[in-house]
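Shown next, in structure tokens, is the structure this report addresses.
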Protein chains: 2
Amino acid sequence: MGLPGQPTLEMVATEAGVSRSTVSRVVNDSPQVTPEAVAAVTAAIDKLGYVPNRAARILASRRTFSIALVIPENTAKFFADPYFATVIQGVAMHLSSTEYTLSLLIAPELDAEKTRRYLQAGNVDGAIILSHHSDDRSYLLLAHSIPVVFGGRPVSPEGTVASYVDVDNVEAARAITEHLLAHGRRKVATIAGPLNMSAGIDRLLGWREAVSDAGLDTSLVEHGDFTPASGAAAMRRLLDRGVPIDGVFAASAQMASGALTVLREAGLNVPGDLGLVTFDDDYFAASAVPPLTTVAQPSVEVGMRMASVLLRIIDGEQVPAITMLPTTIVERTSA
Amino acid sequence: MGLPGQPTLEMVATEAGVSRSTVSRVVNDSPQVTPEAVAAVTAAIDKLGYVPNRAARILASRRTFSIALVIPENTAKFFADPYFATVIQGVAMHLSSTEYTLSLLIAPELDAEKTRRYLQAGNVDGAIILSHHSDDRSYLLLAHSIPVVFGGRPVSPEGTVASYVDVDNVEAARAITEHLLAHGRRKVATIAGPLNMSAGIDRLLGWREAVSDAGLDTSLVEHGDFTPASGAAAMRRLLDRGVPIDGVFAASAQMASGALTVLREAGLNVPGDLGLVTFDDDYFAASAVPPLTTVAQPSVEVGMRMASVLLRIIDGEQVPAITMLPTTIVERTSA
DNA sequence: TTGTACGCGTTATCAA
DNA sequence: TTGATAACGCGTACAA
């Protein structure tokens, strides 16, 4: 009667001459099924080309086999930042060897509440919050109801319980600043990130350590929000101070690229008059004129590790809360 | 009794003093509900923080509100190619303003069959096949059962019925080759892509048109598979021919970067001894030494358009099967 | 306009 | 080891 349509578990059962329960057991490879039954069922499955219906399975089992990757930014920033693309790639890559599906959520601050509800409504087994460029307090509570892994240490008022994957921003910032100092720069400024993100805080800290250890002036600080425009504005404010500057550490390559245009307009040569180093080895750093010496962070690896940690948490394993990944310095010609 | 757990439609109904059907209608904003009922229901929803259960909804409605992005490559290539990351970003961006969820499938040739079954089993409403770097015949049949959009013109034996989004590879390749000719190059070779992908075919065609129109030798062709290693090998074969070459068009920036290392080893200077141009304005092109003059294709836009076209097809709209996006030439110093 | 009742395809519980 | 049978949470004819 009627068209067969997509084969269902029921049809497999009939074909194999067993009950639906048995088919279900075979599909979920339960150990307690006789070899004969297994053989009959797998044969039927192959013959019919049966694939379990995901929705039905989720509904009945209360497991979704999917995780969310939340990017708390508006689409414009998401669009502009190559970092996100590479991290996604890492997450997807790890997931590809598992049963899990990825659900990408670009969630501006505005509907953070809505997003949180969606996540709490049992639509995913866990979530990765990529807070690299954003405040994330609203997501901290989430960790109480479902497994969560943060990308970048979340800034929390109290002690954090959430897991996260990050690089040592303080150390990396210090190292790249010392690179500047090693090239003889003595009036070293920084275009820092926002202070409500750990990357902003830590990179400023690293810069300050390096400069202060060298006995130099630590007051040459202006802030941006990691975007090119904000980097340009900060650079302008720095120049407007009227004090001599011969080195700048910009906390993101995007800000550095903005700063570069301002320097060019001001008739300043890089690296002739001034050394410029930055953070992120992306398109902005590589294609700048001149190409920028920078801190490279393993963003694909960050994605992979976040996924791996999250899945292990979901599986009930005991995983260290903090995963630190190494950075390297890529020397180009801007220092 | 017991804990409330996640609020269900049923609980909302009780809270609002109506039936589940009415709640369902409000949630799916059906027009035929009295304002009072709507008010009562929305109030209850807000109070309870209700979010529909995705799986249940999918199961009952036979719509998944999710689409698949299939990348028919092994994880290594997926990892290495920046193109994928940007396209994904585009797809995700478009989807973020819709109800749809993205499901990323990295599917090596090996389990293409399995992937196709999954897609046909009704687990998604449609699929995007990113065939940029791969053969895709196995997915052409898919278009008969669910809405499908290809990234890059699929190579099909018969006339294609599937929709696709692409750039004019022939024209772009011709233009960049002419750029080489305009700089006085006269012995212009090409490192072409594989002939089982439209990008490979078309870019070779464009190169040949330009070279032949200039009355020059069109025999300087070697093939690669778009990877750096294959580009290096092809360049080596080109040099081994022993005939003079003063220009090369590599069909991908990755191959160009491989070729560059071979040229360096051979003691050949770019652009001094030989001009090198390529395709894709990615990290490889920008950070090469020297930076490469190249064809830039709008990969984020490609992603956005594929998503938009697919959703419109799903909604039953009539959409032009072919979407062509413009390319531009980015001049650097390698020509 | 609203409610009743059934079905979506699977897993889980319990008996046999 | 297997098989009935009851959920899982929602959409939707159909009836009221």
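All chains are named by letter (A, B, ...) in the order of the sequence lines, taking the proteins before the strands, and each is independently numbered beginning at 1.
The side chain of A:Val18 approaches D:dG3 more closely than any other nucleotide in the set C:dT2, D:dG3, D:dG9. Which of C:dT1, C:dT11, C:dG9 sits closest to the side chain of A:Ala56 comes down to C:dG9. Across C:dC8, D:dT2, C:dT11, the shortest atom-to-atom separation from the side chain of A:Ala60 is found for C:dT11. Here the nucleotide nearest the side chain of B:Thr22, chosen from C:dT2, C:dT10, D:dC10, is C:dT2. Among the nucleotides C:dC8, D:dC8, C:dT11, the one closest to any side-chain atom of B:Arg62 is C:dC8. Checking D:dT12, D:dT1, D:dT5 against every side-chain atom of A:Arg20, the shortest atom distance belongs to D:dT5. Listed nucleotides C:dT4, D:dG11, C:dG9 differ in distance to B:Ser19; the shortest reach to its side chain belongs to C:dT4. Residue A:Arg25 has its side chain nearest to D:dT2 when only C:dT10, D:dT2, D:dA13 are considered.
A donor and an acceptor atom, one from each side chain of B:Thr86 and B:Ser299, are located under 3.5 Å apart. The closest side-chain donor-acceptor pair between A:Arg117 and A:Asn123, if any, does not fall under 3.5 angstrom.
One can place CZ of A:Arg57 at 21 Å from P of D:dC10, the figure rounded to the nearest angstrom. Taking atom CG of residue A:Leu48 and atom C1' of nucleotide C:dG9, one finds them 15 Å apart after rounding to whole Å. A straight line from CG of A:Leu59 to C1' of D:dA7 spans 9 Å, rounded to a whole angstrom. The CG-P distance, from A:Leu9 to D:dA7, rounds to 20 Å in whole Å. In this entry the distance linking CG of A:Asn123 with P of D:dC8 reads 17 Å, nearest Å. Going from atom CE of B:Met11 over to atom P of D:dG9 covers 10 Å, rounded to whole Å. The nearest whole Å value for the distance from the CD atom in B:Glu10 to the P atom in D:dC8 is 10 Å. Between A:Arg63 atom CZ and D:dA7 atom C1' there is a gap of 19 Å when expressed in whole angstrom units.
Annotation: the span from B:Asn53 atom CG to A:Ile58 atom CD1 amounts to 8.5 Å, rounded to 0.5 Å.
Here the side chain of A:Ser198 pairs a donor or acceptor atom with the backbone of A:Arg153 at under 3.5 angstrom. Judged purely by atom type and a 3.5 angstrom limit, A:Asn28 uses its side chain to pair as donor or acceptor with the backbone of A:Ser24.
Here A:Ala55 lies out of heavy-atom contact (under 4.0 Å) with every strand. Contact annotation for B:Val33: backbone-only contact, meaning every heavy-atom pair under 4.0 Å involves sugar-phosphate atoms and none involves a base. Across all strands shown, B:Ser24 has heavy atoms under 4.0 Å from base atoms, whether or not it also approaches the sugar-phosphate.
For the pair B:Asn53 and D:dC8, the criterion of a side-chain N or O lying under 4.0 Å from OP1 or OP2 is not met.
Put simply, the side chain of B:Tyr118 reaches to within 4.5 Å of the side chain of B:Leu105, judged on heavy atoms.
When each of A:Val23 and B:Ser21 is assigned the nucleotide of DNA chain C bearing its nearest heavy atom, the one mapping closer to the 5' terminus is B:Ser21.
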